[in-house]
Amino acid sequence: QVQLVESGGGLVQAGGSLRLSCAASGRVFSTNSMGWFRQTPGKEREFVAGISWSSGQVYYADSVEGRFTISRDTAKNTVFLQMNSLKPEDTAVYYCAARSGVPFTTKLIAYDLWGPGTQVTVSS
């Protein structure tokens, strides 16, 4: 059974950087896109960044455009999220997700597989 496992979360001061990783373990399945989402208590999970697995085309939420960079290593079935210039409002649990369908979408319901999440805390 395929699982997604995030790593790289932690505590960082405002203005700092973190790099999240999401590795797929187990039998590899057909992935068309992967995304990063985040959620804070009392709020809905929201799209952060996504990437088309085959083409590498990337997508970002307006709130992170220019600060976050999503990338992938297809040989290692791993997706990354480089987060720079972090702000306290970036504090959340970050989840990676995989989608086998097409086309790319930011809708949560379209994603087939989710990781357990990793906490990112940005102090002011």
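Numbers for residues simply follow the sequence, beginning at 1.
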Interatomic spacing from CG in Asp90 to CZ in Arg67 - rounded to 0.5 Å: 4.0 Å
Least distance between heavy atoms, Ser124 atom then Ala14 atom: CA-CB, 4.4 Å
Hydrophobic cluster membership, Met83 vs Tyr95, 4.5 Å side-chain cutoff: no
Side chain to side chain contact (heavy atoms under 4.5 Å, CB included) evaluation trace for Gln119 with Thr91: CA-CA 8 Å; Gln119 177 71 47; Thr91 295; 4.0 Å; yes
Side chain proximity check, Thr69 to Phe80, heavy atoms < 4.5 angstrom: no
Check against ring pair (Phe, Tyr, Trp, His ring centres under 6.0 Å), Phe37 and Tyr111: CA-CA 11 Å; Phe37 298 79; Tyr111 285 78; 5.1 Å; yes
Nearest-0.5 Å distance that lies between atom CG in Leu18 and atom CG in Leu11: 8.5 Å
Derivation of the side chain to side chain contact (heavy atoms under 4.5 Å, CB included) call for Trp53 and Ser33: CA-CA 5 Å; Trp53 201 248; Ser33 57; 5.8 Å; no
Side-chain donor/acceptor of Glu6 to backbone N/O of Cys22, under 3.5 Å: no
Shared hydrophobic cluster for Val48 and Leu113 (ILVMFWY, side-chain gaps under 4.5 Å): yes
Donor-acceptor contact present, side-chain Tyr60 to main-chain Ile70, <3.5 Å: yes
Heavy-atom side-chain proximity of Tyr59 to Thr106 below 4.5 angstrom: no
hydrophobic_cluster_shared for Val93 and Leu108, side chain cutoff 4.5 Å: yes
ILVMFWY cluster, Tyr94 and Leu4 together (side-chain gap under 4.5 Å): yes
Interatomic distance, Phe47 atom CZ to Ser63 atom OG [nearest 0.5 angstrom]: 9.5 Å
Nearest heavy atoms of Ser17 and Asn84, plus distance in Å: OG-OD1, 2.9 Å
Cluster overlap Trp36 with Val58, hydrophobic side-chain contacts below 4.5 Å: yes
Separation of Met34 CE from Ser71 OG (nearest 0.5 Å): 11.5 Å
Separation of Thr31 OG1 from Arg99 CZ (nearest 0.5 Å): 11.5 Å
Gap between atom OG1 of Thr40 and atom CD of Glu46 - 0.5 Å precision: 7.0 Å
Arg38 and its side chain to side chain contact (heavy atoms under 4.5 Å, CB included) partner, picked from Val120, Leu81, Val64: Val64
